[in-house]
Amino acid sequence: MAEKTFQFPTYFKLLLIIITTLGKIVTAEEISAVENISDKLRNDTESLWKVSRDFGNIVHEVPAMVFHPASVDDIANLIKSSYSSPVPFAIAARGQGHSTGGQAMARDGVVVDMAALRRERKKKGVGGISIDVYGEYVDVGGEQLWIDVLNETVENGVAPISWTDYLYLSVGGTLSNAGISGQSFRYGPQISNVLEMDVVTGKGDLITCSKQKNSELFHAVLGGLGQFGVITRARISLHPAPTKVKWIRLLYSDFSAFTRDQERLISIKALDYLEGNLLMHQGPINNWRSSFFPLSDHLRIATLITKHKILYCLELSKYYYHHQSQENVNKEIEELLEGMGNIPGFYYEKHVSYVEFLNRVRSGELWLQSQGLWEVPHPWLNLFIPKSQIMQFNSGVFRGIIFKRNITTGPVLVYPMNRSKWDDKMSASIPDEDVFYTVGFLHSTGFDKWNEFDAENKEILKFCSDNGIKVKQYLAQHSTQEEWKNHFGDNKWKVFVERKNQFDPRMILSPGQKIFNNNNLQ
Ligand code: FAD
């Protein structure tokens with residue numbers, strides 16, 4: 001009988017926490033579903049500590065409990081128990097906690113540690129990754145890591161086509177944002193490559209959705225910042241996996257030549273990946289995201305930086321297959337790059353395996369971890385900027401604020417994308433222009449220093465607002481509903497609120513995004 005296995009202390013603790021945190025008495029009957037899952041709730045110091053922090057290491061919010069689901073039903077039961085309580089408790093799915101502003105936290109609520117589900121599935125040998133027989137798509141659990149999706153699919157000669165730069169992120173986590181990288185200009189962000197999903201909504205219902213079926217939920221969840229449901233399965237489209245990658249970096253001193261070439265290259269379907277970043281004395285020549293430039297050239301590059309203050313590095317890649325010859329690929333790229341405005345004599349290239357290319361950030365991470373430098377504060381700022389305003393951004397921010405403040409920066413990314421590869425019905429909010437840039441300030445800092453970067457980030461946002469630069473934050477960190485309204489714009493906000501009322505009417509999910517916490521919908 002259920003009573004025999006009932007674990008009074010854990011149950012009691014949850015009850016107490018709900019009473020103390022919400023100030024109202026919630027009876028055992030009202031959260032009856034918890035009875036099935038109470039043994040998966042933890043509140044030991046280690047479990048709480050782990051989920052009270054994230055990659056940003058700036059925001060720290062302690063939940064009442066951590067939930068270790070062993071199945072999708074467990075997640076549904078947990079959400080149902082909150083939904084049916086007179087006073088619901090907040091719930092946040094936590095993929096890898098690689099957010100930088102507490103987005104996967106739930107102060108005084110319950111954090112669902114999706115890694116526990118991943119471990120459980122592995123233990124049972126019921127993998128959360130399953131490729132269809134024709135190799136057209138892969139079904140992956142929302143708790144799975146992209147690195148495992150890559151390894152599993154490549155082994156079968158196929159692979160997803162759109163990635164993030166770093167692969168130790170969870171599928172549910174990146175699909176809740178967008179999942180962007182150098183492939184996005186051509187293949188769209190990761191959310192544009194999802195065919196179907198299973199989602200546990202804020203009412204605890206497990207619903208399968210796609211563009212054809214329950215499309216409102218499908219569009220809501222993609223880029224939906226965890227507000228509408230927990231993604232428990234995503235069907236991702238597959239392509240034949242390339243085997244090799246030709247990977248090139250070119251240097252520019254002139255920002256207009258750099259952006260002109262970037263924009264030309266993203267307007268044609270010749271490349272598979274295009275990014276860009278800044279080289280300045282404020283940051284190292286090689287960084288943790290990838291060491292590419294040979295040591296023997298560092299002095300030459302540093303001299304050039306001294307002369308121009310900033311170099312813009314264009315990074316591009318072309319994938320190829322084992323039946324294609326390297327010579328042909330070389331020739332094709334040579335023709336493509338003819339007439340480009342880069343600095344002659346500073347051309348760098350590599351041929352690497354497809355997996356090595358996609359997993360390029362991992363070695364830097366491991367090195368930082370070995371130095372104890374991975375778990376430092378990361379006051380990141382990620383922006384989308386309309387193409388028509390990127391020159392103004394360069395002069396005001398790259399050549400203005402960054403120089404004036406002169407603090408050591410981490411990698412600064414800058415590369416364009418095509419709006420046509422995004423689906424505006426999805427929740428992700430992007431600029432209105434056909435081409436927009438992503439700019440990422442990926443700072444790492446000491447525990448006593450992150451305030452300086454925070455101030456710099458705020459100055460950048462103020463500069464944009466004062467000068468009418470219509471930026472959208474990616475991985476946005478807004479703290480008031482007014483800011484979120486601006487983020488989405490009037491129409492999109494209206495839809496976002498309607499969807500929230502439909503799929504999570506009691507505002508249970510992902511409170512760390514700070515969108516609906518005050519329950520004050522307008
Ligand atoms: P978490 O931080 O755990 O969660 C993020 C949000 O999603 C939270 O609100 C959470 O509640 C919600 N969530 C988590 N799982 C689910 C689920 N299954 N269903 C519904 N909601 C869920 N992003 C890019 O787009 N491109 C990059 O190249 C890129 N590179 C990165 C490199 C590094 C080193 C780091 C630290 C981050 C990078 N990111 C990049 C950002 C990253 O995509 C986001 O931080 C993402 O949220 C991280 O995934 P996660 O699994 O850790 O999510």
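One-based numbering, in listed order, for ligands and for the atoms of each. Side chains are part of it too, since the values below use all heavy atoms of this structure and drop only hydrogens, waters and symmetry mates.
Cation-pi contact between R362 and Y166: absent, since separation from the ring centre below 6.0 Å together with deviation from the ring axis within 45° is not met. Under a cutoff of 6.0 Å and an axis angle of 45°, R235 and Y137 form a cation-pi pair. Cation-pi contact between R42 and F67: absent, since separation from the ring centre below 6.0 Å together with deviation from the ring axis within 45° is not met. Under a cutoff of 6.0 Å and an axis angle of 45°, K244 and Y319 do not form a cation-pi pair.
Using a 4.0 Å heavy-atom criterion, the residues that approach ligand 1 are F55, A93, R94, G95, Q96, G97, H98, S99, Q103, A104, M114, T164, D165, Y166, L169, S170, G172, G173, T174, S176, N177, G179, I180, L225, G226, G229, V230, I231, W374, W380, Y474, L475, S510, Q513.
A donor atom on one side chain and an acceptor atom on the other are found under 3.5 Å apart for Q190 and T174.
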Exercise answer: donor-acceptor pairs, residues 214-221 side-chain atoms, under 3.5 Å, sequence neighbours excluded:
from, atom 1, to, atom 2, distance (Å)
N214, ND2, T208, O, 2.8
E216, OE2, R499, NE, 2.8
H219, ND1, S215, O, 3.0

